[in-house]
Amino acid sequence: MEAIGGFTAGRALGPGAGGFATAGGLAAAGANALQSLPAAADVVDHCITVLSSNAITAGDTALWGFGQAADFAGRVEQLSRHVEFLQVVAACAVDRARTEALTGATSPLDPTAAVSGDPGPGDDGSRNTVEFLQARLRIPATEARRRLSLAGAVLPRAGFGGQQLPPRYEELAAAVSTAQISSRAGTTITLALDRARHLTTPALTTEMEHALTQTAVESDGDFLTRVTKHWAEAIDQDGTEPSEPALRHIQGAFIRRPKHGLQHLEIFAPPNNSKPSPPS
């Protein structure tokens with residue numbers, strides 16, 4: 001994976017001059033990672049400074065040919081995917097640190113937090129991490145919720161004993177963390193896998209994860225959505241049941257579609273204010 005300003009998603013967060021950070025490092029690193037946090041922040045600040053310097057303007061791009069413009073667009077898209085992944089990492093880090101502060105747990109990444117004098121999570125007026133991210137980052141609540149949900153699927157998890165566990169979807173996690181796919185594509189796949197794993201076997205869920213991840217790497221988001229829908233329909237062949245109000249407009253008894261190998265007989269009467277339909 002190519003580094004951006006020395007800050008990659010593929011190296012462990014640890015002490016030293018590199019200052020590299022990973023999802024696992026920011027989400028669940030030990031006390032020895034503390035020395036690297038300023039370096040990680042410096043890398044981000046450096047990127048912000050470079051991008052804020054007006055080194056690239058619309059006037060510059062007006063002089064480019066098609067090949068240059070297309071290549072630049074690709075590079076910018078790659079950069080945005082790296083940033084999207086770091087957004088997920090950051091949301092997870094905020095959620096972890098906020099939860100630890102509220103429960104009185106000691107964070108291995110910020111042992112001085114208790115004596116820093118800064119306002120704590122209980123004083124920020126937010127009921128939860130979603131509200132905090134919404135206010136602090138000025139993003140919609142739905143986006144804050146999406147980032148936290150994706151973090152739970154593609155970032156390393158903490159076990160009951162404090163040990164680090166692999167992400168719930170490892171192949172998808174690798175693609176998101178190395179900027180092969182966007183975080184929104186990761187969300188599309190995660191939602192589909194979360195639904196499917198309750199309806200099928202782990203082996204088929206893994207096959208689905210591989211197929212959808214490769215589709216996201218090779219195709220656009222619209223095509224990924226269509227492929228995801230086909231997988232969902234193939235796994236859940238019963239489909240969505242009609243709503244009860246719609247069924248109540250049908251008088252009489254009927255057999256529902258087989259579900260889990262069983263036939264279902266249901267009887268619905270018309271609403272009180274309607275008359276039975278005459279027999280045909």
Calculate, to the nearest 0.5 Å, the distance between atoms [atom1] and [atom2] belonging to [X] and [Y] respectively.
X: Ser53; Y: Ile48; atom1: OG; atom2: CD1; answer: 12.5 Å
X: Leu51; Y: Thr49; atom1: CG; atom2: OG1; answer: 9.0 Å
X: Gln87; Y: His82; atom1: CD; atom2: NE2; answer: 13.5 Å
X: Leu150; Y: Leu155; atom1: CG; atom2: CG; answer: 7.0 Å
X: Thr205; Y: Arg195; atom1: OG1; atom2: CZ; answer: 12.5 Å
X: Leu79; Y: Glu84; atom1: CG; atom2: CD; answer: 10.0 Å

Indicate the atoms forming the closest heavy-atom contact of [X] with [Y], along with that distance.
X: Arg147; Y: Leu137; value: NH1-CD1, 3.8 Å
X: Ala91; Y: Leu133; value: CB-CD1, 3.9 Å
X: Glu171; Y: His210; value: OE2-ND1, 2.7 Å
X: Pro167; Y: Pro156; value: CG-N, 4.0 Å
X: Phe85; Y: Ser177; value: CZ-CB, 3.5 Å
X: Met208; Y: Ala192; value: CE-CB, 3.7 Å

Practice task
Show your reasoning for whether salt bridge (charged side-chain N to carboxylate O under 4.0 Å, His left out) applies to Arg226 and Asp222.
Solution key: CA-CA 7 Å; Arg226 293 197 295 271; Asp222 292 340; 5.7 Å; no
Practice task
Check the pair Leu165 / Phe160 against side-chain contact (heavy atoms from CB on, under 4.5 Å), numbers first and verdict last.
Solution key: CA-CA 10 Å; Leu165 301 177; Phe160 290 111; over 6 Å; no
Problem - Audit row: Glu207, Trp231, side-chain contact (heavy atoms from CB on, under 4.5 Å) steps and yes/no - result: CA-CA 11 Å; Glu207 181 182 347; Trp231 269 93; 4.1 Å; yes
Applying a strict under-4.5 Å side-chain criterion to I, L, V, M, F, W and Y, I'd like to know whether [X] and [Y] cluster together.
X: Ile181; Y: Val227; result: yes
X: Val88; Y: Ile139; result: no
X: Tyr169; Y: Leu199; result: yes
X: Val217; Y: Leu172; result: yes
X: Leu191; Y: Leu212; result: no

Handout entry: Note, Ser126 side chain near Arg98 side chain (heavy atom, < 4.5 Å)
Key = yes
Problem - Pairwise side-chain contact, Leu224 with Ile189, heavy-atom cut-off 4.5 Å (strictly under) - result: yes
Practice task
Dump the intermediate steps for side-chain contact (heavy atoms from CB on, under 4.5 Å) on Phe72 and Ile56, then the final yes or no.
Solution key: CA-CA 11 Å; Phe72 180 70; Ile56 303 171; 3.9 Å; yes
Practice task
Using only heavy-atom distances, determine whether the side chains of Asp60 and Thr57 contain a donor-acceptor pair under 3.5 Å.
Solution key: yes
Handout entry: Arg168 and Thr190: side chain donor to acceptor below 3.5 Å
Key = no
Handout entry: side-chain contact (heavy atoms from CB on, under 4.5 Å) between Glu143 and Arg184, intermediate numbers included
Key = CA-CA 10 Å; Glu143 173 60 14; Arg184 290 195 174 276; 2.9 Å; yes
Side-chain donor or acceptor of [X] paired with backbone N/O of [Y] under 3.5 Å:
X: Arg157; Y: Gln164; value: no
X: Thr178; Y: Ala174; value: yes
X: Gln68; Y: Trp64; value: no
X: Thr103; Y: Glu100; value: yes

